[in-house]
Amino acid sequence: MSKKELLCGNEAISEAAIKAGCRYYYGYPITPQNEISAYMALHLPKVDGTFIQAESEIAAINMAAGTAATGKRVMTSSSGPGLSLKQEGLSFFAAAELPLVVVDAMRAGPGLGNITPSQADYFQATRGGGHGDYRQIVLAPASVSEAAELTRRAFYLADKYRIVAMLLLDGMLAQTREPVVINQDPLEDDFDKSWAVTGCKGRTPNVVKSLFLQERSLEEFIEKQLIKYSVIEETETEAELYHTADAEYILIAYGTPARMCRSVVDRYRAKGIKVGLLRPVTLWPYPSRMLRDTLRHAKHYLVVEWSAGQMFEDVRIALGYDRPIHLLSKLGGSLMDIEEIDNKLDELLINQGARI
Amino acid sequence: MNRFNVNKNKCKGCGLCPRVCPKKILRMGDNMNDVGNRYVECIDDDKCIMCCMCATMCPDWAISICDPRENKILFESERS
Amino acid sequence: MTTYTMPESLKNVRTHYCPGCSHGIIHKILAECIDELNMRENTVGVSPVGCAVIAYEYLNLDMVEALHGRAPAIATGLKRALPDKLVFTYQGDGDLLAIGISELIHAANRGENFTIIFVNNRVYGMTGGQMAPTTAPGQKTLTTPYGRDGKMGEPIDVMHLIEPFSNVKYLARGAVYHPNEIRKTKNLIKRALEMQISGDGFSLVEVLATCPTYWRMSPGEAMDYVKDNIAPHVQMGVIKEQ
């Protein structure tokens, strides 16, 4: 029976990565994800793994590219500013179709911002901060144990689709300690890696590259990727629905804000007010169809987000302008009190003439 | 079989081989290859001492050197 | 018995390089070394951003194409994952000493066990002949139309940068302006690869190269320029071997 441990989000992610067969990690110090490098430095050697503290986030993502090119499981992590440096690398991964798991423990931005939790890297993560037409899978845990589960899932998806799978979590969840049981089973690894560079013994040489000079070759490559992306949207989109079936007010949130919204839903349900929560787990692919097709019945939608309203736009895209969508945001890494959600909800309720 | 042989379509007419030929028997010819480069030609194959300096210098692996007396290839730039 | 056959590590194709460019020569001697060490099937090369970005079209072995300046980081990830394979990067002066100087220095300082083939032709060729970190004082380029002056910095000598690191085991500089130099440079490269195979650690071979197109010279003049004006002023041959 695998043991229950008290780990923070960062540590749970690291342990889950190792259990998922990741033997290579390249990182660089940046708050609030330093626990990942520390954990990997301590534990990877025990499993004959390789840890390097790179000279920069740029070097780290390129080291990861070198290892990924050999077909081996590799991870890198950072926070907003480091992710900004890694964007060219992420675009390279997309063009070379290399699997990678990358973690963004979000701090407040722009610029150096500060080190308190935020969700303001949502656009960078889901729209892709790198250049060119590409997508990457973005998974958003809302608890330490889910962070571990989604890390494992990220390695599976990265190998299955030869794509970058990003874990996007706010700095609070990254550093919050909770009891967690890490899945100890080895993650299947029978994916076709015949594309990898390993020395061309017994075959024609493989080339891992991102340059497409031949006429139309990049066009054809992207067309192929779009098919892959639609398959991912079709099969891998994930969201949690909590009391939404009969909900008149639906809260929409991910990560730590979603946990706050869950207790708000419980409290208002106890008062007989029909509130529900949609918690997207995959931020790309976003559960737009679910929202559009199954959740149009609510009177009001309240997006609770620690940013100026980035996921808000995906909700608007899904529901359009004929559904009232409201935003409760917390900016610049300031911490949101749960009462703020109550007050915002009460405001909507009063406008509707409800007695609260 | 000549001592000095050039694959005219691989030669880009860069002029590096005449520069190093100790016998000074190479020069840019007047004929053009299929892509419009004038290519090197040997003005007196008998004077070629088969030292392969030209073939070593060539950046485009265009030159092969043979020894007609012993019917063997000394420097082969044409893998079949 | 043929004394020289085209190396298996070289594809028998016409290259895109300009007439008289040294890349063709350096590809040839690198491929010869890999063949002679019988490592073609156990090698992974890393091509840079620069004229040689598509070196994989000419080298008949597994390769990875690096983002500009990042080849040493890619090679680090490769060699750590494939410790028993031969790993080399093939980089120009802009790639290695401008955008990628940080990756160079830290890979060298960590003593990563791979070999850098550094092709130094003092300009950015692919993009039209701009100044490179190794452009000479007074040398005219697209971005130093009046000649490089002090405000644009002085040429950076890679050997001075990384020679002091104890983890750097082999440094050498060669040229290709004459068959004799080509053979010497080939031996330097072969030595570097041999040291890597025996696990000695980081090695780099700089090759003084030409860019006839952007030096505005004929290929022969460019080679002579290296012989008369560049090679005499720098230390040639083995610079460090431990």
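Naming: A, B, ... by sequence-line order, numbering from 1 per chain. Just so it is clear, the structure is predicted and the values come from calculations on it, not from any experiment.
Contacts of Pro212(C) with chain B are absent, with no heavy-atom separation under 4.5 Å from either backbone or side chain. Contact of Glu8(C) with chain B is made through backbone and side chain together, with heavy-atom distances under 4.5 Å. Both the backbone and the side chain of Leu10(C) have a heavy atom closer than 4.5 Å to some heavy atom of chain B. Interface residue Ala55(B): only backbone heavy atoms are found under 4.5 Å from chain C. Heavy-atom distances place the backbone of Lys11(C), and not its side chain, under 4.5 Å from chain B. Looking at Asn180(C), only its side chain comes within 4.5 Å of chain B, counting heavy atoms on both sides.
Within a 6.0 Å sphere centred on NZ of Lys24(B), other residues, nucleotides and ligands contribute more than 12 heavy atoms. Other residues, nucleotides and ligands contribute over 12 non-hydrogen atoms within 6.0 Å of the CE atom of Met1(B). Residue-environment remark: NZ (Lys227(C)) exceeds the threshold of 12 foreign heavy atoms within 6.0 Å. Within 6.0 Å of the CG atom in Asn229(C), the count of heavy atoms belonging to other residues, nucleotides or ligands exceeds 12.
Proximity to chain C at a heavy-atom threshold of 4.5 Å picks out Asn9(B), Lys10(B), Cys11(B), Lys12(B), Cys14(B), Leu16(B), Arg19(B) from residues 7-19 of chain B, in numerical order.
The main-chain N or O of Met57(B) is never found under 3.5 Å from a side-chain atom of Lys28(C) such that the two would form a donor-acceptor pair.
Between atom CZ of residue Arg14(C) and atom CG of residue Asn37(B) there is a gap of 5.0 Å, rounded to the nearest 0.5 Å. In this structure, the separation between OH on Tyr4(C) and CD1 on Ile65(B) is 12.0 Å, given to the nearest 0.5 Å.
With respect to chain B, the highest number of heavy-atom pairs below 4.5 Å among Ile26(C), Ile25(C), Ile29(C) belongs to Ile25(C).
When side chains are defined from C-beta on, Met6(C) counts as touching Trp61(B), because their heavy atoms get closer than 4.5 Å. Inter-residue side-chain proximity for Met223(C) and Val20(B) is flagged as unmet; no heavy-atom pair is nearer than 4.5 Å.
Closest non-hydrogen pair, Ile182(C) versus Thr56(B), comes out as CD1-O, 3.6 Å. Nearest heavy-atom pair, Gly20(C) versus Pro59(B), reported as atom, atom and distance to 0.1 Å: CA-CG, 4.1 Å.
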